[in-house]
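As the structure is a prediction and not an experimental result, all values here were calculated from the model. Within every chain, numbering begins at 1; the chains are lettered A, B, ... in the order of the sequence lines, protein sequences first and strands thereafter. Quick note: numbers below take in every heavy atom, side chains included, and nothing from hydrogens, waters or symmetry partners.
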Amino acid sequence: MARDYNFQEIEQKWHREWVQNRTYRVVEDTNRKKFYVLNMFPYPSGAGLHVGHPLGYIASDIYARFKRLQGFNVLNPMGYDAYGLPAEQYAIQTGQHPEVTTFANIDRYREQLDKIGFSFDWNREVRTCDPGYYKWTQWAFRKMFDSYFDTKQQKAQPISLLVRHLEQHGTEGLNASETESLNFTAQEWAAMTEQQKSETLMNYRLAYVSEMMVNWCPGLGTVLANDEVVDGVSERGGFPVEQKKMRQWCLRVSAYAQRLLDGLETIEWSESIKETQRNWIGRSEGTEVEFRIADSDQTFTIFTTRADTMFGVTFMVLAPESELVDLVTTDDRREEVDAYIKYVKGRTERERMIDHKVTGVFSGSYAINPFTGEKNPIWISEYVLAGYGTGAIMAVPAHDSRDYAFARHFNLPVIPLIEGADVSEESYDAKEGVVCNSPRPDVKPYIDFSLNGLTVKEAIAATKKYVEEHKLGRVKVNYRLRNAIFSRQRYWGEPFPVYHKNGIPTMVPEECLPVLLPEVENFKPSETGEPPLGNAQLWAWDEVNRKVVDKALIDEKTVFPMELNTMPGFAGSSAYYLRYMDPKNNDALVSPEADQYWQNVDLYVGGSEHATGHLIYSRFWNKFLFDLGISCKEEPFQKLVNQGMIQGRSNFVYRIQGTNTFVSLGLKDKYDVTPIHVDVNIVKNDVLDIEAFKAWRPEYADAQFELEDGKYVCGWAIEKMSKSMYNVVNPDRIVEQYGADTLRLYEMFLGPVEQSKPWDTNGIDGCHRFLKKFWQLFWDKDGRLQVDDSEASAENMKSLHKLIKKATADIETFSYNTTIPAFMVATGELAQQKCRSRRVLEPLVVLIAPFCPHIAEELWQALGHETGVCDARWPELDEAFLVESSVKMPVQFNGKVRFTLEFPTDASKEDIEKETLANEQSQKYLSGMQVVKVVVVPGRIINIVVKPNN
RNA sequence: GCCCAGAUGGUGGAAUCGGUAGACACGAGGGACUUAAAAUCCCUUGGCCAUAUCGGCUGUACGGGUUCGAGUCCCGUUCCGGGCACCA
């Protein structure tokens, strides 16, 4: 009896063994080199895993197993991003506690993950909603509250240093990232009340409360960070988002803008993700120039990246929200300006984003251009944003398309400043060319300064220098990166370790952490922004007993109300990779020893959709912890691989309109048909299982089917994998039918890991067939192991070492989709060679172990090993076995032989040809063959085409 | 509009340093075994031409260029995907 590849039995057996033997437990071992592999941890949704989720996990698991076989001590942990909106939405609908549904989902995920055979060390699992975990989220927040950013040293410092500076010098000489520029003396600081001091420090803290315009989403009842808003609607749910002034907790992410930008140069991420982050950070180097308001002592500052265009300014524009608006509006213009401001306020962010109407109003005042002495009218328009730069611009219509549109609309002058630039139809925005009209030849120069004849680049530099020397302004770098709004008006998130003592936000002492999420009756947020924690009874801080108490006990002296907001989703996911290093430590986020050993993540695998969210926040968070000395590496994720999405492949049946008859794909064009999604699980190779279809949709039980060649062929389309399209493929089903090893192999075989691709069940048989063939390599037809200690032939060794070379190189670069064909070829060759040698077959088992750990374990054991295959050693490549392959003559190669041999470059073609044909090695391959054609190039000989002599 | 990445058979995709395309798999067609089916095995499979054996031409989105040689490098164009977007 032949021995079948019984994958179900094998896989279940090894899952048990791995648990019993704690095969994948990892401990720090300073004698071994570490390697840290990490997947972005999942949010456990109610729908469970579909076939797309494990893609990244499989890819990283292969890498982790590969590194382990190479002798590294590999950390490959897994956990759950358990706080979040869907669990809470579900709780509101069903009244179930989010913890209950979240835990149920986690169990379901775990069950599904376990079937696929990952090498995760579950002993290190983390859950963001676990108090032992979020203690450290609260702790980090507390540290941020107690820190400011020193712009000179470019690092976080204790706020106490800043307080000392204020006490001694006021704001004089202060180098700190700030919300707005403040100016006060040490005396003024000393005179402030406690509350004023608290307010003032909020201007500098890395975690701070501030009254600000926020993205308010009434549909979700919470504020959102910029990256959670897409096209004016919420990323989750697609509810409209409006701008609203609210008092919110924020993180001063912008302080780290430059370091976030610089750090990108030191990490191995895809260029597109780095570019996305660069865009998001949006560094722009420019100049701030002060303009005096005519007939006034007041000045205001504008920001420009085109300092070379100072002589082309024809008007100024203020953002409608600018505080200067009131100042510059003259009495005769007031009514019109007020009407305009009212109009702008009535427009939503979304409206402003979608249609760029040219609107604006003249304020009545003029500003004096310090380079020309001219009076430029000051306008107010919504196209200037309050939040960027200074909220005021100088308009140069000749060289800025927005200014141009405005000037044309309101009939303002346009002065071209670049030789040959035609601005009759549109502005000339390019930063190229030679400057002219600066100053204009027909105008008497106002100052002794000219840019004429310089290139744009030179002119910018010259103007910057002039501005600095004459104290007209300063060189300034602006960033688009905004501070992150850190509070949410939701229940299912980390509570803030904050109470409000007489209006002063105060931190719960470090040793009292964690502050536990209180129970509430009603999880529902309100449309007005009152958070659900307002419903919690046990939610006040007792300063004397240092604990959370019933809010009925609130008094003016010792018991105060707690903060009602909770933290956003990115809070818990920002430092989780550090926690995996030391997940059970109750005294520190991570011990210095563990951090020193594991350093940072060597390989991080996850989706690119987190480019401007999680991947920015966790870099920021880690840089902060680096400044504190908690994390020894400034960048958390050294190498990043973005796995693509697996799309669904939907199937359709075609119903003739108004009838109960379905026609096969090839016949549908003859009729007027309606395509109907059909469950892909009752379709095989695009052929519909008609009986299953009738059972699935009872309303079509009596339907007629028009077949082609006796089959009903379905149409197909590539769509997002989702329930409503009936195209969800559940990994459990694949595991059941083909086994986890086939699933793992097939997901990798489907195409490059980084690429999005549709799930196509049609191809899975090929991978399964390969595993069967691989299995058969080891057993004779009576089911006995047919591996012996015989010598391996040169051919055997060549097949093996070709594979070693390919697999080693490919796994290192994540090119799994090309490794698998190499396995197929090698297996085919060895089968043909009837290879029995342990010297070949044993390394072969090790080579396949990262991909298919179950079958590898089983064979490894059958080969008589006591310990598991994951403790084996990755086979060494011996190039000696490949030497002959430099002269390739594949069996089915149409008689073509390819050589690469070195010759002196001055050798003639004839000499090369003659010598090559006489060459010993060539002779071996050319004997018995007749040379048809030789293609020679100087230095090399490329092709020799031969055919058999007879 | 700006930035990034890409385009190869019926399909997914190989070709890793510029070396003479299409690995591997799917699908399709033909055949063997079988009462039949499943499973398994063998052959063919970019296109066109051919005496269908030998072989020839053509071919990696399109148009040019560099090179003895280009899917690969350079310039331009088209199309698809992703990001940013009144950011001065």
Side-chain angles (χ1 to χ4, degrees), chain A residues 2 4 230-231 270-284 286-287 302-307 309 317 319 352-359 381-396 399-403 405-406 429 478-482 608-609 611-612 642 644 649 685-686 716 718 745-746 749-752 754-770 772-773 776 805-806 809-810 812-813 815 817-825 828 890 894 896 898-900 909 932 935-943 945 947:
Chain A
D4 284 339
V230 179
D231 292 333
S270 74
E271 201 43 51
S272 63
I273 291 266
K274 285 194 195 179
E275 199 57 33
T276 301
Q277 292 212 344
R278 286 189 199 109
N279 275 337
W280 192 257
I281 295 165
R283 179 189 158 104
S284 81
T287 316
I302 58 94
F303 175 78
T304 180
T305 54
R306 292 295 300 274
T309 59
V317 188
R352 276 173 82 161
M353 234 183 304
I354 288 169
D355 71 318
H356 295 171
K357 275 194 216 157
V358 180
T359 65
S381 172
E382 60 180 330
Y383 86 88
V384 173
L385 305 176
Y388 186 76
T390 60
I393 63 153
M394 63 179 209
V396 184
H399 303 292
D400 183 287
S401 49
R402 295 152 302 179
D403 298 345
F406 195 85
D429 290 14
N478 256 325
Y479 299 91
R480 192 152 56 214
L481 184 69
R482 308 289 178 85
S608 56
E609 67 273 20
T612 55
N642 298 114
R649 188 178 186 278
N685 291 354
D686 288 338
W716 58 273
I718 303 304
L745 209 55
Y746 185 59
F749 182 72
L750 217 45
E754 278 109 326
Q755 201 168 297
S756 285
K757 59 232 157 195
W759 178 262
D760 185 350
T761 314
N762 291 351
I764 201 160
D765 288 310
C767 284
H768 191 64
R769 256 199 294 272
F770 157 71
K772 278 187 190 169
K773 285 181 201 162
Q776 292 308 330
K805 187 173 184 177
K806 180 87 179 140
D810 278 359
E812 204 63 72
T813 57
S815 312
N817 58 320
T818 59
T819 320
I820 294 162
F823 270 104
M824 292 174 174
V825 171
N894 300 335
K896 241 189 208 176
R898 185 189 295 176
F899 288 85
T900 306
K909 280 194 179 192
V932 175
V935 181
V936 180
V937 296
R940 300 166 160 211
I941 184 162
I942 299 303
N943 274 338
V945 182
K947 67 177 185 185

If the plane angle is over 60° it's perpendicular, under 30° parallel, otherwise tilted; pick one for A/Y746 and A/W759. perpendicular
Is a side-chain donor-acceptor pair under 3.5 Å present for A/T818 with A/D810? yes
Closest to the A/R769 side chain, choosing from B/rU40, B/rA5, B/rA88: B/rU40
Of the options B/rA88, B/rA39, B/rC41, whose atoms approach the side-chain atoms of A/T304 most closely? B/rA88
Remember a base hit wins even if backbone is also touched, and classify A/R306 as base, sugar-phosphate or nothing at under 4.0 Å, heavy atoms. sugar-phosphate
Contact class for A/D810 vs. all strands (heavy atom < 4.0 Å): base, sugar-phosphate, or nothing? base
Would you kindly compare A/P752 and A/E275 by the position of their nearest RNA chain B nucleotide and give the one closer to the 5′ end? A/E275
First encountered from the 5' end of RNA chain B, between A/D400 and A/Q277: A/Q277
Using purine N1 to pyrimidine N3 plus N6-O4 or O6-N4 for Watson-Crick, or N1-O2 and O6-N3 for G-U wobble, both under 3.5 Å, which nucleotide pairs with B/rC24? B/rG12
Residue-phosphate contact under 4.0 Å: A/T276 side-chain N/O, B/rC84 OP1/OP2: no
Quick one: list whatever passes salt bridge (Lys or Arg N to Asp or Glu O under 4.0 Å) with A/K805, sequence neighbours left out. A/E879
I'd like the C1' distance from B/rA14 over to B/rC24, given in whole Å. 7 Å
Those residues that, when tested against A/R769, pass side-chain hydrogen bond (donor to acceptor under 3.5 Å, both in side chains) (two or more places apart): none
Considering only side-chain heavy atoms of A/K772, which listed nucleotide, B/rC4, B/rA15, B/rU40, is closest? B/rU40
Quick check on B/rA88: is either OP1 or OP2 less than 4.0 Å from any side-chain nitrogen or oxygen of A/Y383? no
Suppose we define a pair by two distances each less than 3.5 Å, Watson-Crick or G-U wobble; what does B/rA37 pair with here? none
Between A/N279 and B/rC2, is there a contact of a side-chain N or O with OP1 or OP2 at under 4.0 Å? no
Determine the contact category for A/K805: base if any of its heavy atoms lies under 4.0 Å from a base atom, sugar-phosphate if only primed atoms, P, OP1 or OP2 are that close, otherwise nothing. nothing
Any residue meeting salt bridge (Lys or Arg N to Asp or Glu O under 4.0 Å) with A/E754, in chain and number order, not counting sequence neighbours: none
Where do N or O atoms of nucleotides 7-12 of chain B meet protein N or O atoms at under 3.5 Å, pair by pair?
unit_1	atom_1	unit_2	atom_2	d
B/rG12	O2'	A/L750	O	2.6

Would you indicate which nucleotide in B/rA88, B/rC24, B/rG83 comes nearest to any side-chain atom of A/M824? B/rC24
Can you name the side-chain hydrogen bond (donor to acceptor under 3.5 Å, both in side chains) partners of A/E812, sequence neighbours left out? A/Y63
Under 4.0 Å, heavy atoms only, any strand: does A/R482 hit a base, just the sugar-phosphate, or nothing? base
Quick one: which of B/rG13, B/rC4, B/rC84 gets closest to the side chain of A/N817? B/rG13
Partners of A/A822 by side chain to side chain contact (heavy atoms under 4.5 Å, CB included), sequence neighbours excluded? A/L803, A/K806
Contact class for A/V317 vs. all strands (heavy atom < 4.0 Å): base, sugar-phosphate, or nothing? nothing
